[in-house]
Amino acid sequence: MTESTAPQSEHRTVLLRGGDVHSPADPFATAMVVERGHVAWVGSEGAADAFASGVDEVIDLDGALVTPAFTDAHVHTTSTGLALTGLDLSGARTLDEALGLLRAYVAAHPADRVVLGHGWDATRWPERRHPSRGELDAAAGGRPVYLPRVDVHSAVVTTALLDLVPGVTGLTGYHPDAPLTGAAHHAVRSAAHGAVSPRQRADAQRAALRHAASLGIGTVHECGGPDISDEEDFAALLKLAAAESGPRVFGYWAEQVADEKDARRIRELGAVGAAGDLFVDGSLGSHTACLHEPYADGPADGRTGTAHLDAAQIAAHVTACTEAGLQAGFHAIGDAAVSAVVEGVRAAAETLGLPRIRGARHRVEHAEMLTPETVAAFAELGLTASVQPAFDAAWGGEEGMYAQRLGVERARTLNPYAALLRAGVPLAFGSDSPVTPLDPWGTVRAAAFHRTSEHRISVRAGFTAHTRGGWRAVGRDDAGTLVPGAPADYAVWRTADLVVQAPDDRVARWSTDPRSGTPGLPDLTPGAELPVCLRTVVFGQTVYARPNE
């Protein structure tokens with residue numbers, strides 16, 4: 001990709017030409033004009049000649065693909081940055097290897113007040129067990145260490161970190177030699193993150209946002225809350241994102257709202273909603289997702305996970321938020337948790353009327369264990385499903401973590417994206433980073449090639465969920481697509497030939513017929529090389545340019 005050497009200015013008029021522009025305004029577009037931070041025109045190469053002399057800059061795409069920038073609808077930005085710059089255990093193949101990585105990291109970072117790691121998953125290790133506290137203490141040499149499981153709903157820690165949290169042994173979720181969950185986990189996480197200096201935090205946030213931009217992500221939804229981070233971290237991120245060049249950040253603060261005063265405080269924090277990880281339950285990997293039936297591999301007492309909110313509390317939150325004109329939302333993974341959300345939102349609709357509830361576009365994060373009845377309820381209540389297809393890629397299949405926790409038959413029902421789309425439920429794709437990595441094309445691939453074939457959706461539908469879907473989830477219908485008047489948030493990609501991929505081959509064949517007017521997208525077949533991001537632009541301003549391109 002080559003470009004003119006026009007001087008930088010805040011809002012130049014730019015013509016991009018000589019490539020492929022993915023736009024519903026013209027399925028065969030090869031050129032686009034950007035003016036004052038918005039898309040001004042999309043069309044053919046011949047028509048682009050008329051614009052060439054009147055713009056500030058002409059970019060020769062050299063055959064590259066231009067698409068809307070991706071929106072990641074569920075991110076923990078500071079944690080993502082700390083994972084990028086801290087101890088990454090996601091590649092550890094055994095327990096011994098994980099302990100060896102910890103020993104090496106501790107030795108290489110003697111000045112860190114607390115060692116922060118991420119990404120271990122004992123279900124992938126041959127030992128099939130978590131590291132014991134004694135093993136961690138020995139590997140860490142007496143240092144405070146916080147190592148959350150890959151799903152971030154439980155953590156193993158050293159004795160030195162426990163010593164920093166008075167009374168932790170009396171909190172719910174404390175286990176003498178097992179991963180901490182619930183209140184005990186929240187307390188040690190708060191202590192660990194509290195040891196991070198403002199400079200370290202800002203560096204981590206910048207690292208995360210730079211990484212997102214390098215992947216063609218123009219917008220992230222930060223999912224913060226008192227059980228996840230703290231108000232200082234949340235406010236600092238929003239301030240940094242507003243002041244520096246990078247992806248847009250929409251912040252959600254996961255705290256219950258009872259009245260207008262609570263809603264006002266949410267807004268004063270800079271949040272667009274009292275949503276995100278407002279926990280109704282936990283996670284499947286940590287045995288804390290709330291189920292109707294016991295875990296297949298759980299203890300003999302038949303535990304069904306942890307319920308943090310019931311239907312009455314959910315109804316109260318949704319009612320208060322709706323009356324205040326504020327978006328509400330919840331973290332719900334298990335089928336019992338999803339049922340509680342549906343029951344609570346329906347009760348709010350009975351109080352306020354269904355149109356007001358639908359108009360508020362309340363959202364549910366993860367929504368993994370759905371039934372035909374809860375799918376239909378999502379559609380009826382206008383709930384947005386903010387989902388993470390990489391979860392299925394990581395933990396689906398007949399031998400994956402889902403099957404271990406639930407048994408193969410229940411595991412096959414998880415993440416039914418095709419059923420959600422058929423019912424008309426809006427989808428917004430995200431990563432829950434650092435739970436799974438920022439990886440937008442990989443996320444679309446995971447949805448299109450779901451491990452359970454009946455849940456697969458077309459690449460086009462997945463791409464829409466990861467671009468326009470995230471904007472719709474914050475109440476914006478005018479963005480996430482390259483049409484005149486839309487914000488100029490776009491990415492430029494080096495990729496192979498464009499194709500149309502759908503689970504039904506008859507649909508795919510028709511879509512490639514020129515009469516269908518269906519624009520192509522990169523081939524995401526597993527094993528195929530994913531597109532490489534050359535440039536990411538937010539509101540007309542370049543926030544990432546690949547070196548030497």
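Computed from heavy atoms alone, side chains included, the values below leave out hydrogens, waters and symmetry copies. The chain is numbered in sequence order, starting from 1.
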Verify side-chain contact (heavy atoms from CB on, under 4.5 Å) between T181 and T306, making sure each step is shown before the conclusion. CA-CA 10 Å; T181 60; T306 304; over 6 Å; no
Regarding Q404 and R128, is there a side-chain donor-to-acceptor distance under 3.5 Å anywhere?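 Yes, side-chain donor-acceptor contact under 3.5 Å.
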Does one side chain, of E255 or W253, offer a donor that lies under 3.5 Å from an acceptor on the other?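 Yes, a side-chain donor-acceptor pair sits under 3.5 Å.
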Determine the minimum heavy-atom distance between [X] and [Y], stating which atoms define it.
X    : Y    : result
T123 : D121 : OG1-OD1, 2.6 Å
H130 : E135 : O-OE1, 4.5 Å
Q501 : T525 : NE2-OG1, 3.0 Å
D151 : S283 : OD2-OG, 2.5 Å
A473 : Y252 : O-OH, 3.3 Å
V459 : A448 : CG2-CB, 3.8 Å

Would you confirm whether [X], through its side chain, and [Y], through its main-chain N or O, come within 3.5 Å as a donor-acceptor pair?
X    : Y    : value
W120 : V150 : no
D281 : G334 : yes
R494 : A64  : no
Q388 : D432 : no
R468 : T481 : no
H362 : A328 : yes
R535 : Y490 : no
T536 : A213 : yes
R143 : D112 : yes
H450 : N415 : yes

Supply the atom-to-atom distance [X] [atom1] to [Y] [atom2], rounded to the nearest 0.5 angstrom.
X    : Y    : atom1 : atom2 : answer
H186 : L180 : NE2   : CG    : 11.0 Å
F330 : D277 : CZ    : CG    : 12.5 Å
H74  : F429 : NE2   : CZ    : 15.0 Å
C290 : L284 : SG    : CG    : 11.0 Å
L414 : H455 : CG    : NE2   : 7.5 Å
L116 : R189 : CG    : CZ    : 12.0 Å

For the residue pair Y402 and W395, categorise the inter-ring angle as parallel (less than 30°), tilted (30 to 60°) or perpendicular (more than 60°).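 The arrangement is perpendicular - the two ring planes meet at more than 60°.
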pair [X]-[Y]: side-chain heavy atoms closer than 4.5 Å:
X    : Y    : result
L87  : H109 : no
H22  : L498 : no
R149 : S286 : yes
V188 : L162 : yes
C533 : L215 : no
Q205 : E222 : no
L136 : V145 : no
L209 : E244 : no

State whether D137 and R133 are salt-bridged, where the test is any N-O pair (Lys NZ or Arg NE/NH1/NH2 against Asp/Glu carboxylate O) under 4.0 Å.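 R133 and D137: not salt-bridged.
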With a 4.0 Å cut-off on N to O distance, would you call E231 and R265 a salt bridge?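 Yes, this pair counts.
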Are [X] and [Y] near enough that their ring centres are under 6.0 Å apart?
X    : Y    : answer
F70  : F463 : yes
Y174 : H185 : no
H118 : H76  : no

Please test E232 against R201 for side-chain contact (heavy atoms from CB on, under 4.5 Å), starting from the C-alpha separation and ending with a verdict. CA-CA 10 Å; E232 182 181 0; R201 181 179 62 207; 3.5 Å; yes
Using the rule given for side-chain contact (heavy atoms from CB on, under 4.5 Å), can you reason through H193 versus T78, listing the C-alpha separation, both sets of side-chain angles and the distance that settles it, and then say yes or no? CA-CA 10 Å; H193 286 183; T78 303; over 6 Å; no
Go through T94 and D96 one step at a time and tell me if the side chain to side chain donor-acceptor pair (under 3.5 Å) criterion holds. CA-CA 5 Å; T94 67; D96 283 345; 5.5 Å; no
Kindly check if the number of other-residue, nucleotide or ligand heavy atoms within 6.0 Å of [atom1] ([X]) is above 12?
X    : atom1 : result
R129 : CZ    : yes
E127 : CD    : yes
D177 : CG    : yes

Please identify each residue that fulfils ring pair (Phe, Tyr, Trp, His ring centres under 6.0 Å) with Y295, with sequence neighbours left out.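 Listed in chain order: H287.
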For S431, the option from T443, T436, D72 that meets side chain to side chain donor-acceptor pair (under 3.5 Å):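 The side chain to side chain donor-acceptor pair (under 3.5 Å) with S431 is passed solely by D72 among T443, T436, D72.
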Establish, for the pair R476 and F250, whether the NZ or CZ atom is under 6.0 angstrom from the six-membered ring centre and no further than 45 degrees off its axis.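 No.
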What do the steps show when you test L530 against R445 for side-chain contact (heavy atoms from CB on, under 4.5 Å), and what is the final call? CA-CA 9 Å; L530 292 176; R445 171 186 278 173; 3.3 Å; yes
